[in-house]
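First comes the structure, then the notes that go with it.
Here the structure is a predicted model, which means the values were calculated and not measured. Here is the naming used below: chain letters follow the sequence lines, and residue numbers restart at 1 for every chain. Worth knowing before you read on, the calculation uses all heavy atoms, side chains too, and leaves out hydrogens, waters and symmetry mates.
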Amino acid sequence: MEERYNPHVIEEKWQSIWEERGCFNTEEDPSKQKMYILEMFPYPSGRIHMGHVRNYSIGDVIARYMRMKGYNVLHPMGWDAFGLPAENAAIEHGVHPAKWTLENIEYMKKQLKRLGFSYDWRREISTCDISYYKWEQWLFIKMFERGLAYKKFSSVNWCERCQTVLANEQVEGGCCWRCGTQVVQRELEQWFFKITDYADELLEYCDKLQGWPERVLVMQRNWIGKSEGVEIEFPIEKGGSLRIFTTRPDTVFGITFMCIAPEHPLVLDLIKDSSNYKEVLEFINRVRRMSVSREAILEKEGIFTGAYCINPFNGERIPVFVANFVIMEYGTGAIMSVPAHDQRDFEFAKKYNLPIRVVIQPGESILDTETMDKAYEGEGIMVNSGPFSGIPSEEGKKRITEYVEKMGWGKRAYSYKLRDWGISRQRYWGCPIPIIYCERCGMVPVPEKDLPVVLPFDVEIRGEKGSPLSYHKKFVNVKCPNCGLEAKRETDTMDTFVDSSWYFERFCCPDHDGFLDSKRVKYWMPVDLYIGGIEHAVLHLLYARFFTKVLRDFGLVEINEPFINLLTQGMVIKDGAKMSKSKGNVVDPDDMIRKYGADTVRLFLLFAAPPEKDLDWSDKGIEGCYRFLNRVWRVVRDTMPLIKDTPPYKDKIKLEGSNRQLRKIVHKSLKKVTEDIESRYHFNTAISAIMELVNYISQWKPDVNDAVGRSVLREAIETLVIILSPFAPHICEEIWSELGGKRSLIYEKWPEYDPEILEEEDVLIVVQINGRVRDRVIVASGITRDELLKIVLEREKVRMYLRGKNVKNTIYIPDKILNIVTD
RNA sequence: GCCUGGGUGGCGGAAUAGGCAGACGCAAGGGACUUAAAAUCCCUUGGAGGUUUCCUCCGUGCGGGUUCGAUUCCCGCCCCAGGCACCA
């Protein structure tokens, strides 16, 4: 064995052995229990960053552990290869997006290999490969045929900088998720996926995803935003009716006005006879032009339409306003306004001097219209509500809803915040949408035999004015597959989140000449553990769930949900901020590997914090991990002469003294590491347990002449190497072969701990007096309360504390604690 | 504003089911080895105090409560991070 630990030599050696022998290649094997471990695949931005290394180190621990546990482990890696940065590189440096992307992939793949992750590289996929996006186009057409992909003219989020449309999920605080530019609204005809058809199921299954962190589920539930209420038709005085949605039917007697969105289809009709028609129209146009979410900061504004509705409950005449705070996309785009019990309506009423009528009294205080300075939105007793007065508001909601249905004025209804997913992107570097526009036939999907619609290579990318594909005449001009007349291709490409919505299914059969090989997909899916950043809580993770349900309904997969367990890892932070070029606090994994080796880098990222938490990068901390691996090396090197030709301890004979102590510590560590990996994903405490074991072994004094002792030591070293191997695989492989291991350590079985040795014959019992620790005694385990008490009451310290006091009670937790309570 | 997390030494973090708070690592200080340095090894390290091989008191954001016993459970508050935000 080498005198010194030399990570670079060892790591290179084992990485090539693993590769040559195809150690991580996986095939379906019905005789073995499958285990699909997946980390979110990276965008090939150019270089691997610490966040990736952390993500993949976590996944690799689990994958390696599960393999040793005997599972048939699928652990693939690929590239989310379409996207805007490639095009920006083209604009800035004149390099073709394909070239840029492929070079990045090549470089990053080398980086990943240098870290020794146990991937089956034969399954590698890139979403920009024709063989991948062909099937995405195929699926798009299936969705188009069933109405799940459709085109509509609507107001969409537009990023001026990226020159493209964004989905609602990609707008963060009114800004573009990628570049941070303020998003504006534009009226465009765009492609959408009908995710809203699945809103109820996506919501319902949130309760069934028990392996997901609660906070992700909460975010998804809120994003779907289902609320229960009732839709009511209010007759318009001059004819027709206005449909509103409310969650507060209990307040219908408090309506003093109505508000509709400027985009409401009835708006022009309603204002026709208005005395100040021009002014109203101006207002409408001004608000419509105004962007976005019509930010909450904006003051409420509105204008009277000149029209009135009738409140069917009491026959009152109610003025109808156009208001800037009413959104067309939610509910029905029209609301009933109850200023006494809704803050927005209250503000509006105050501004325009509209009446406020209290119809819910809270009980403990009495609301008075004159003195109210804000709306009361809580529960209470209904008042001024005709036959419903006196009913508690919660009960009133039900009663009014039933009444509305009985009278035929409306019906129970649900409203959702979730909107359909806008997937058109006016960009080049993405999957072309396989649709052809024909003057005679309309929208015609590209026939399956003509797939794929290949993204042309010779495209000029200028970064302005529409999709680059629209300038490519050979691409655009095409014959209609239906009638053969001149037609034009769709020039938009798909949102890259479409690419990542089904890649985990494709990993099961990457070489399949078809969409998915159902047999193989059935064997591997669903993913048993999915690991990635929390930032995808409502983007990728919602889309992927939606796609899986669509595929299921198409009969292409048999599962309802793609990911059984989800582990969301925290960011890698340095000096209190996320690593970024602009802050200049980036630590390059390559530099660290060069300095300490991959095992150290992996170990530090796993040791410094539990996976869900943000991790503070520490230059000193990683040195500590490097020192630890050196200590491991030395302790093995120094014991090697004693254990080289000794078999590990196996007998059932009763061990004594220090041999017994060592074996006990070994099996305790094994138990701890096993449990920490398997049931908690707490790698930091697993590693600290291994550190304790190493500390113990290195101070343990072996007796050269004691064959039993040597075999116990051999078992200790073997166990150490095995349980450390998922975290720091290279050094462990090297030591394993030095120990005489013939095959790679990855074929070694994860050992079972011996419960017998863990049974304590002597236990330390903490003695408390009135809840304060006063003494500790070592006694035989299983001692009864009376026996223990007899011993404890004789102890000097205990007697001192009990002097002059009467023992009132004793609490005894067997083998743990004795609490003596006095008067 | 609403919804989630979270607040423990100088720092990262442990304490898994209410039972010894501070495991493990970092940093710091002292010592050994060395001509010297690096590396390594040993010791100390939450705070205050004392009669200093030991002992006492205080201590997990703040204030209460439940309990023999609370970092852990309950109530009220403060602060930090993330998500949503005119959603009717």
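In this structure, the ring-ring contact (aromatic ring centres under 6.0 Å, His included) partners of A:W633, at least two apart in sequence or on a different chain, are A:Y5. Looking at residues two or more places apart in sequence or on another chain, you find a side-chain contact (heavy atoms from CB on, under 4.5 Å) between A:V763 and A:E760, A:I765, A:V779, A:S781, A:D815. Residues satisfying the side-chain contact (heavy atoms from CB on, under 4.5 Å) criterion with A:N585, sequence neighbours excluded, are A:K574, A:D575, A:A577, A:M579, A:S580, A:K583. In this structure A:F346 satisfies the ring-ring contact (aromatic ring centres under 6.0 Å, His included) test with no other residue, sequence neighbours excluded. Considering only residues two or more places apart in sequence or on other chains, A:H536 meets the ring-ring contact (aromatic ring centres under 6.0 Å, His included) condition with A:H540.
In this model, no donor atom of one side chain and acceptor atom of the other lie less than 3.5 Å apart for A:Y414 and A:D200.
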Pairs counted as Watson-Crick or G-U wobble with both distances under 3.5 Å: what dot-bracket string results for RNA chain B, using | for bases tied to another strand? (((((((..(((......[....))).(((((.......))))).(((((...)))))..(((((..]....))))))))))))....

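Looking at heavy-atom distances under 4.0 Å, A:S227 makes contact with sugar-phosphate atoms alone, never a base. Nucleic acid contact class of A:V218 (heavy atoms, under 4.0 Å, all strands): sugar-phosphate only.
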Could you go through nucleotides 45-50 of chain B and list every protein N or O atom that sits under 3.5 Å from one of its N or O atoms, giving the distance for each pair?
none

Nucleotide N/O of nucleotides 12-16 of chain B paired with protein N/O under 3.5 Å:
unit_1	atom_1	unit_2	atom_2	d
B:G12	O2'	A:A608	O	2.6
B:G13	O3'	A:N684	ND2	3.3
B:A14	OP1	A:N684	ND2	3.0
B:A15	OP1	A:R680	NH1	3.1
B:A15	OP1	A:R680	NH2	3.0
B:U16	O4	A:K672	NZ	2.2

Identify each atom pair where a protein N or O and an N or O of nucleotides 57-60 of chain B are less than 3.5 Å apart, giving names and distance.
unit_1	atom_1	unit_2	atom_2	d
B:C57	OP1	A:R774	NH2	3.3
B:C57	OP2	A:R774	NH1	3.3
B:C58	OP2	A:R772	NH1	3.4
B:C58	OP2	A:R772	NH2	2.6

Please tabulate the protein-to-nucleotide N/O contacts below 3.5 Å involving nucleotides 26-28 of chain B, giving atom names and distances.
unit_1	atom_1	unit_2	atom_2	d
B:C26	OP1	A:R627	NE	3.2
B:C26	OP1	A:R627	NH2	2.8
B:A27	OP2	A:R627	NH2	3.4

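For residues 684-694 of chain A, the pairs satisfying side chain to side chain donor-acceptor pair (under 3.5 Å) are A:D676-A:T685, A:R680-A:T685, with sequence neighbours left out.
If you take OH of A:Y330 and C1' of B:C84, they are 13 Å apart, rounded to a whole angstrom. The separation between A:M336 atom CE and B:C86 atom P is 20 Å, rounded to whole Å.
Ring-centre distance between A:F313 and A:F253: below the 6.0 Å cut-off. Under the 6.0 Å cut-off for aromatic ring centres, A:F604 and A:W617 qualify, their centroids lying closer than that. A:Y352 has its ring centre no less than 6.0 Å from the ring centre of A:F257.
Remark: the separation of the P atoms in B:A88 and B:G13 is 38 Å, to the nearest Å.
Base orientation of B:G65: anti, the glycosidic angle falling outside 90° of 0. Base orientation of B:U44: anti, since the glycosidic angle falls outside 90° of 0.
Judged by atom type and distance alone, A:K816 does not reach the base of B:C20 through any side-chain donor-acceptor pair under 3.5 Å. No hydrogens or angles were tested; on distance alone, a donor-acceptor pair under 3.5 Å links the side chain of A:Q768 to the base of B:G19.
A cation-pi contact, defined as under 6.0 Å to the ring centre and within 45° of the axis, is absent between A:K226 and A:Y416.
Within residues 337-349 of chain A, the residues approaching RNA chain B are A:R344, by heavy-atom distance under 4.0 Å.
Between A:K417 and B:A88 there is no side-chain polar atom (N or O) within less than 4.0 angstrom of OP1 or OP2.
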